Amino acid sequence: RTKTTWLPTFFKISSFMFHGTKKRIQAFVIPHSHMDVGWVYTVQESMHAYASNVYSSVVEELSRVKSRKFIAVEQEFFRLWWVNVATDWHKKQVRQLLKEGRLEFIIGGQVMHDEAVTDVDDAILQLTEGHGFLYETFGVRPRFGWHVDPFGASATTPVLFALAGFDAHLISRIDYDLKDDMQKNKKLQFVWRGSPSLKEKQEIFTHTMDQFSYCTPSYLPFSNRSGFYWNGVALFPDPPKDGIYPNMSLPVTKETVELYAQTMVDNIKQRAQWFRTSHVLWPWGCDKQFFNASVQFMNMDVLMNYINTHSDKYGVAVQYATLQDYFQTVHQTNLSWDVRGNQDFLPYSTEPFQAWTGFYGSRNVLKGVARRASSLLYAAESLFTRYRISYPDGPVQREWALDKLKALRWAVSEVQHHDGITGTESPKVADMYMEHLMQGMMGAEELLAVILSNKGFVVVSDSGNVLEQHIIVYNPLAWNISTYINISVAYAMAVVLDDDGKAVPAQIQQSMESSTVYDLFFVVELGGLQYRKYIVQFPQSHCDTGSACGATHVARVVTFKKKNVSQWKRTGRKLLPVLNECYKLMFDQETNLLHSITDRQMRVRVQQDFWEYEANGDVHSGPISDNYIFTASGSAIPAYKSVAMEIVPGKVVSEIRQYFYREEEDKNHTYSVVTRVPVGFEGRLACFRLEQSYKVGPLEINRETVFRTRTSLKNNRTLFTDNNGYQMMKRTYKTFVNNTIARNYYPMVRAAYIQDDSSRVVFLGERAHGVASLSQGQLEVMLHRRLWNNQEWNLGYNLTLNDSSVVRPVLWMMLGSPSALSSIYQQEALELQHRPVVMPIDQPQKFSGPFVQPVVVPQNLHMQTLSIPGWNYSPDHTQHLHSLNLGRKSEIDFDRILLRITHLYEGGEDPVLSQPTVINLKEVMRGIGELTRVQERSLTGTWNISDLQRWSWKTNEKQIDFFSCTTQDFNVTIYPKEIRTFFIYFK
């Protein structure tokens with residue numbers, strides 16, 4: 001990846017001084033292969049061309065020579081090899097190599113997840129998936145991070161790795177100028193406290209790779225072939241029959257050994273200058289390496305032996321190592337390390353015109369489907385758990401159900417790869433992710449339908465003249481909610497009855513998509529993890545408003561004249577109000593745009609519209625934008641010449657539809673935004689959310705579209721965005737010599753806001769976007785990109801992002817005082833992510849029996865996971881290892897429930913909600929069944945928390961005593977920002 005591995009000019013260093021005295025440098029040569037789960041080639045293509053051969057040949061070569069070692073990273077490829085390719089001999093050898101510490105699993109997740117646009121829940125899921133397999137199969141628990149390729153580093157990742165029991169973490173891709181500075185000052189290693197609330201309790205020692213990153217230097221002064229890669233470059237689609245690959249390095253012979261040795265030693269010495277100890281981590285490998293481990297090790301054995309034999313001359317000793325070998329040695333130096341607080345390393349630039357902020361918005365459709373799949377999985381997991389506990393012998397076959405959940409877990413984990421959800425893959429790989437996600441979602445929907453009793457159609461009821469449809473609505477959150485849901489129906493009138501036969505407030509209106517379809521909105525009130533049945537009836541004759549029909553409001557569409565931008569004159573004079581119990585929105589009839597919003601206290605000027613950046617596609621005429629990179633060739637320009645508007649005043653929602661036309665004479669609009677204002681929800685969360693649905697595309701080539709909100713707030717271009725939905729980061733505007741616009745873009749996963757002393761404007765998303773505040777009071781969200789360029793590298797790998805799709809993201813906007821909104825935006829973000837699941841069903845069979853009891857946690861806590869993982873290992877580590885040694889295969893444990901509860905607030909964020917919260921798990925779970933046993937575990941479940949002892953690293957800051965967390969009599973105290981993981985068992 002020339003683009004993605006920055007290799008600076010190699011220079012020679014004659015001698016190396018260490019702390020004023022000459023000291024022998026110890027180089028830890030770490031053999032590895034960076035194996036992208038996707039990117040240019042599909043998983044199937046990669047397995048066939050090289051990935052299977054990596055594991056087969058590495059295991060064979062490590063078995064031959066005792067000194068050889070290797071680190072294995074992504075579990076998806078390893079698991080596919082283990083299940084489909086590995087022979088019994090290979091499997092036996094893997095177990096032996098693990099025992100000897102010569103094969104080491106690093107990270108241990110399904111993938112090396114992206115850090116900018118992944119949601120914390122999905123990062124935890126993919127880590128848990130991989131860790132569960134490794135622990136169940138081998139009894140091993142990874143202890144080190146190796147995030148060598150994600151594009152920038154989030155402060156959430158080190159917290160998750162600490163919670164999973166890791167002793168040290170490793171990153172590589174950070175801003176080129178910052179890395180340069182850290183190298184010069186020997187600051188590449190530090191202790192990272194990623195969470196300001198958890199502080200040193202979840203700190204982790206972090207190593208930043210130097211400028212050579214994770215690949216071996218590719219330049220050899222004596223040869224034009226790539227350095228230290230004797231197996232050459234992987235060949236697609238098929239490995240060569242004769243074993244001769246392109247670009248195989250010159251063999252190490254009598255003639256070349258000294259040249260190789262000098263090159264390697266010079267590089268080791270160059271790197272040693274940038275670190276505080278005389279130990280150098282020397283990664284040996286790169287993308288798709290070690291598919292022929294025999295030729296690799298054969299040459300390196302000779303070379304390392306030569307260097308060690310002449311160690312006095314070179315001042316360097318070399319050894320094969322795992323990451324554990326390196327970190328353990330550094331840990332034993334007992335040095336004191338600098339502390340880094342919760343700053344992240346985003347955004348990431350490789351040079352002045354290469355800001356990797358484009359991928360925050362690339363492949364918006366894939367980003368949306370990935371998050372939707374994650375939400376569906378979340379709902380299916382908890383509903384299946386409820387079902388299993390209530391009906392252990394119920395008709396839904398448990399192994400079948402678990403297979404459905406596992407397929408979706410696999411697909412959601414896979415797409416978190418740093419070339420997956422990022423949108424930086426080739427089209428065929430994007431199609432692969434989509435196919436796996438869609439198949440997994442279909443399976444989960446099938447499971448939900450079976451649990452909730454079969455699929456649904458419009459059916460004729462006994463009375464013969466009323467068409468009706470039965471639907472079940474499930475609330476997957478452990479909070480009571482009051483909201484509206486929207487379904488499409490084919491009739492102009494409908495009545496909605498709840499499970500008591502009472503008419504529910506509803507509203508029906510003509511759909512904007514089609515003249516034969518109607519939108520039916522109705523109010524649902526649901527307890528935590530509770531489902532209810534609703535009957536939608538379609539009266540075929542006139543319906544008396546005095547009857548149940550009176551509960552349904554028939555809303556009419558009011559159309560306003562299309563306005564051309566060129567004819568705007570006296571704006572701000574003819575204002576039209578749209579109200580609910582929380583806001584007054586004013587729309588300007590001169591422009592058909594939003595003019596202002598008034599909440600209970602104050603009015604804020606707000607204007608919203610679509611703008612476009614025009615990208616350069618010719619590398620010969622300047623910097624380009626692509627999948628990864630955003631390079632604005634100038635300021636954005638308005639993307640429309642005229643605007644049309646419709647307003648639908650309602651009693652459940654009032655809807656404002658705005659259509660933006662690229663040219664005045666265009667018949668079809670290019671962009672639209674529908675703003676829904678909930679009505680009748682006073683005193684409830686739904687009152688505060690203004691739901692905006694966008695329709696964007698297909699775009700013209702080399703356009704990047706943003707939705708820009710300009711307000712009267714005085715935010716000094718300061719923006720707040722979330723790190724993976726886990727914590728908020730303050731982003732102050734920075735000015736650069738070049739590329740200032742792109743370098744002020746940040747990822748928004750769940751939330752972003754701007755504020756001044758009196759007001760805050762918050763946006764919440766159901767998929768990731770790039771966001772920026774480029775002028776006073778402004779916040780822009782990049783919704784879609786369509787790019788093409790003529791860079792050879794991009795064309796060769798089909799990475800030009802010619803994305804002609806139509807995207808339909810949703811944002812919720814909220815406005816109010818900073819203190820009022822800080823108490824609700826986290827909960828609102830989760831309510832957007834996990835909206836009620838709506839399932840049509842046949843005429844119902846009783847699944848629920850009696851009314852299902854709600855399960856509710858306090859509003860500052862969130863039930864992050866409730867699932868049956870289906871692991872077969874004993875929670876007692878000694879017993880589990882004993883079973884593995886005897887080769888016993890245990891049964892799947894369907895009674896072990898994985899529960900995670902997280903505290904949503906930072907310490908000091910809110911006077912009430914930031915307090916530690918005590919809950920009694922037995923009481924909380926009573927709605928599901930009687931809890932008999934609780935055991936606290938590490939984040940991914942593989943450690944009993946009382947057995948977990950992480951390495952302690954000396955720091956230059958005083959340690960303060962920290963709260964201990966004990967569980968007695970089912971009572972748990974959860975402190976700000978904690979994520980607590982438990983195995984729980986029911987009677």
Side-chain angles (χ1 to χ4, degrees), residues 33 35-38 41-60 62-63 70-99 103-112 125-142 239 288 290-291 293 398-417 420 429 432-433 435-437 439-440 443 868-873 880 883-885 887-893 940-942:
S33 181
M35 299 157 77
D36 284 304
V37 182
Y41 302 103
T42 66
V43 167
Q44 294 77 1
E45 287 173 322
S46 295
M47 282 299 289
H48 175 70
Y50 83 94
S52 286
N53 291 340
V54 171
Y55 290 117
S56 297
S57 72
V58 162
V59 169
E60 288 154 20
L62 263 55
S63 304
F70 191 81
I71 61 167
V73 187
E74 301 82 1
Q75 284 309 301
E76 177 156 336
F77 283 130
F78 181 83
R79 289 174 75 172
L80 290 169
W81 174 79
W82 182 259
V83 171
N84 302 318
V85 181
T87 63
D88 288 346
W89 180 86
H90 282 120
K91 290 182 176 182
K92 188 174 161 222
Q93 292 308 112
V94 166
R95 294 185 193 281
Q96 184 58 33
L97 292 166
L98 288 167
K99 273 202 183 81
L103 175 65
E104 182 177 36
F105 288 112
I106 301 297
I107 309 177
Q110 284 290 92
V111 297
M112 186 185 295
L125 171 76
Q126 72 83 25
L127 201 59
T128 305
E129 271 297 282
H131 282 195
F133 163 76
L134 285 175
Y135 189 59
E136 185 171 83
T137 314
F138 307 113
V140 301
R141 302 178 278 207
K288 310 182 204 49
F290 284 88
F291 46 83
R398 60 190 195 173
E399 286 80 7
W400 173 84
L402 189 60
D403 283 346
K404 298 291 180 199
L405 293 171
K406 280 181 170 175
L408 188 50
R409 289 173 195 166
W410 183 285
V412 173
S413 296
E414 174 185 78
V415 78
Q416 307 311 318
H417 169 62
V429 174
M432 175 200 77
Y433 293 129
E435 188 186 330
H436 294 174
L437 288 165
Q439 285 172 346
I868 296 172
W871 294 317
N872 62 23
Y873 63 76
H880 175 48
S883 299
L884 284 173
N885 288 335
R888 278 196 201 131
K889 189 95 169 85
S890 311
E891 290 292 297
I892 288 173
D893 185 352
T940 58
T942 54

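Quick caveat, the model's predicted, so the values are computed rather than measured. The first residue in the sequence is number 1, and the count goes up from there.
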Practice task
Quick one: do Trp871 and Asp893 satisfy side chain to side chain contact (heavy atoms under 4.5 Å, CB included)? Show the steps, please.
Solution key: CA-CA 6 Å; Trp871 294 317; Asp893 185 352; over 6 Å; no

Practice task
Could you walk me through whether Met35 and Val73 pass the side chain to side chain contact (heavy atoms under 4.5 Å, CB included) test, one step at a time?
Solution key: CA-CA 8 Å; Met35 299 157 77; Val73 187; over 6 Å; no

Practice task
Kindly determine whether Leu98 and Phe105 satisfy side chain to side chain contact (heavy atoms under 4.5 Å, CB included), including the steps that lead there.
Solution key: CA-CA 9 Å; Leu98 288 167; Phe105 288 112; 3.6 Å; yes

Practice task
Evaluate the criterion side-chain hydrogen bond (donor to acceptor under 3.5 Å, both in side chains) for residue pair His90 and Thr87; output intermediate values, then yes/no.
Solution key: CA-CA 5 Å; His90 282 120; Thr87 63; 2.9 Å; yes

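Of the possible donor and acceptor atoms, one in the side chain of Arg95 sits under 3.5 Å from a partner among the backbone N and O of Thr137. Side-chain N or O atoms of Gln416 include one that pairs as donor or acceptor with a backbone N or O of Val412 at under 3.5 Å.
Side-chain contact of His131 with Thr128: a donor-acceptor pair under 3.5 Å is absent, judged by distance alone. When only modelled atom types and interatomic distance are considered, Ser63 and Gln93 share a side-chain donor-acceptor pair under 3.5 Å. A donor-acceptor contact closer than 3.5 angstrom is absent between the side chains of Gln110 and Arg409.
Take His436 and apply the ring pair (Phe, Tyr, Trp, His ring centres under 6.0 Å) test, not counting sequence neighbours, and it matches no residue. Contacts of Glu60 classified as salt bridge (Lys or Arg N to Asp or Glu O under 4.0 Å), with partners at least two apart in sequence or in another chain: none. For Arg141, the side chain to side chain donor-acceptor pair (under 3.5 Å) test picks out His877, with sequence neighbours left out. Applying the ring pair (Phe, Tyr, Trp, His ring centres under 6.0 Å) test to Tyr433 and every residue at least two apart in sequence or in another chain returns nothing. Glu891 meets the side chain to side chain donor-acceptor pair (under 3.5 Å) test with no other residue; sequence neighbours excluded. For the side chain to side chain donor-acceptor pair (under 3.5 Å) test, residues two or more places apart in sequence or in another chain that qualify with Glu104 are Thr322. With sequence neighbours excluded, the residues satisfying side-chain contact (heavy atoms from CB on, under 4.5 Å) with Lys91 are Trp82, Ala86. Residues meeting the side-chain contact (heavy atoms from CB on, under 4.5 Å) test with Arg398, sequence neighbours left out: Phe384, Arg388, Phe894. Residues satisfying the side-chain contact (heavy atoms from CB on, under 4.5 Å) criterion with Glu435, sequence neighbours excluded, are Gln439. Scanning for ring pair (Phe, Tyr, Trp, His ring centres under 6.0 Å) contacts around Phe291 gives Tyr245, with sequence neighbours left out.
Around the CG atom of Asp88, the shell of radius 6.0 Å holds no more than 12 heavy atoms that belong to other residues, nucleotides or ligands.
Pairs passing the side-chain hydrogen bond (donor to acceptor under 3.5 Å, both in side chains) check and including a residue from residues 49-58, sequence neighbours excluded, read Ser56-Trp81. The salt bridge (Lys or Arg N to Asp or Glu O under 4.0 Å) analysis of residues 46-57, with sequence neighbours excluded, yields no pairs.
For the atom pair CZ (Arg79) and CG (Leu134), the distance works out to 8.0 Å, reported to the nearest 0.5 Å. Taking CD of Gln75 as the start and CG of Leu127 as the end, the distance is 10.5 Å to the nearest 0.5 Å. How far CH2 of Trp410 is from CG of Leu437: 13.5 Å, rounded to the nearest 0.5 Å. Here the straight-line distance linking atom NZ of Lys92 with atom CD of Gln96 works out to 8.0 Å at 0.5 Å rounding. The CD atom of Glu76 sits 8.5 Å away from atom OG of Ser413, with the distance rounded to the nearest 0.5 Å. Going from atom CZ of Phe70 over to atom CD1 of Ile106 covers 11.0 Å, rounded to the nearest 0.5 Å.
The shortest heavy-atom contact between Phe138 and Leu884 is C-CD1, 3.4 Å. For the pair Ser46 and Tyr41, the tightest heavy-atom approach, listed with the atom from each and the gap, is OG-CB, 3.7 Å. The two residues Gly440 and Leu408 make their nearest non-hydrogen contact at C-CD1, 3.7 Å. Contact record, Leu103 with Ala72: CD1-CB, 4.4 Å, taken as the closest heavy-atom pair. Residue Gly38 comes nearest to Val429 through the heavy atom pair CA-CG1, 3.6 Å, listed as atom of the first residue, atom of the second, then distance. Heavy-atom minimum distance, Ala49 versus Pro239: O-CG, 3.5 Å.
Checking each of Met432, Glu74, Glu129 against Glu414 for a side-chain contact (heavy atoms from CB on, under 4.5 Å) leaves exactly one that passes, namely Met432.
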